[in-house]
Visitor: 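One structure, as structure tokens, below. Some questions next.
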Amino acid sequence: MNIFLGNLNFQTTEENIRDLFSDFASLSSVKMIKDKETRRFKGFAFIEIDDESEANDAIEKFNGYELNGRAMVVNEARPQPERKPFNRY
């Protein structure tokens with residue numbers, strides 16, 4: 001299951017996220033979202049947990065959990081809406 005982590009402190013690292021979730025669930029991936037131009041972390045990330053019951057438990061446990069001074073928003077990620085191709089002309 002793909003899980004959205006929002007309202008993260010801008011100083012949060014992938015290691016912070018892995019450390020937090022590793023005792024509770026097996027993470028198959030962590031994707032920290034960064035600004036394309038500045039390469040700075042945007043304050044949200046996506047994690048993948050293969051086991052659905054572990055994923056649901058993690059959502060319940062960590063939604064509202066304070067990490068680095070901020071209460072995280074944790075929920076199942078929604079699919080990204082389809083975008084129309086950019087047409088310059």
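One is the number of the first residue; the rest follow in order along the sequence. Computed over heavy atoms, backbone and side chain alike; hydrogens, waters and symmetry mates excluded.
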Visitor: The criterion is ring-ring contact (aromatic ring centres under 6.0 Å, His included); which residues satisfy it with F62, sequence neighbours excluded?
Guide: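 Only F21, F24, Y65 meet the ring-ring contact (aromatic ring centres under 6.0 Å, His included) criterion with F62.
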Visitor: Pairs of donor and acceptor atoms involving the side chains of residues 39-47, under 3.5 Å and at least two apart or interchain, shall be tabulated with distances.
Guide:
none

Visitor: Heavy atoms, side chains only, cut-off 4.5 Å: are E48 and N2 in contact?
Guide: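 Yes; the side chains approach each other to less than 4.5 Å.
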Visitor: Between M1 and I59, which heavy-atom pair has the shortest distance, and what is it?
Guide: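 Looks like SD-CD1, 3.9 Å.
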Visitor: How close do A71 and G64 get, heavy atom to heavy atom, and via which atoms?
Guide: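 That closest heavy-atom pairing would be CB-O, 3.7 Å.
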Visitor: Are F4 and I33 co-members of a hydrophobic cluster defined by side-chain heavy atoms under 4.5 Å apart?
Guide: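 Linked within one cluster.
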Visitor: Where is the tightest heavy-atom contact between I17 and M32, given as atom of each residue plus distance?
Guide: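 Reported closest heavy-atom pair: CD1-SD, 3.5 Å.
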Visitor: Which of these passes side chain to side chain contact (heavy atoms under 4.5 Å, CB included) with N63: V73, I3, N75, L5?
Guide: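 Looking at V73, I3, N75, L5, the match for N63 under the side chain to side chain contact (heavy atoms under 4.5 Å, CB included) is V73.
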Visitor: Taking the side chain as every heavy atom from C-beta outward, state whether M72 and L20 have any atom pair closer than 4.5 Å.
Guide: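 When only atoms from C-beta onward are counted, L20 and M72 do touch, with a gap below 4.5 Å.
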Visitor: Give the minimum heavy-atom separation between I49 and A25, together with the two atoms involved.
Guide: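 Minimum heavy-atom separation between I49 and A25: CD1-CB, 3.7 Å.
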Visitor: Any side-chain to backbone donor/acceptor pair from N16 onto T13? Under 3.5 Å, distance only.
Guide: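 Such a contact is found between N16 side chain and T13 backbone.
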Visitor: To the nearest 0.5 angstrom, please state how far the CD atom of E52 sits from the CD atom of E76.
Guide: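 Atom-to-atom, E52:CD and E76:CD are 7.0 Å apart.
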Visitor: Please confirm whether the backbone N or O of N9 pairs with a side-chain atom of N68, one donor and one acceptor, at under 3.5 Å?
Guide: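 No, N68 side chain to N9 backbone: no donor-acceptor pair under 3.5 Å.
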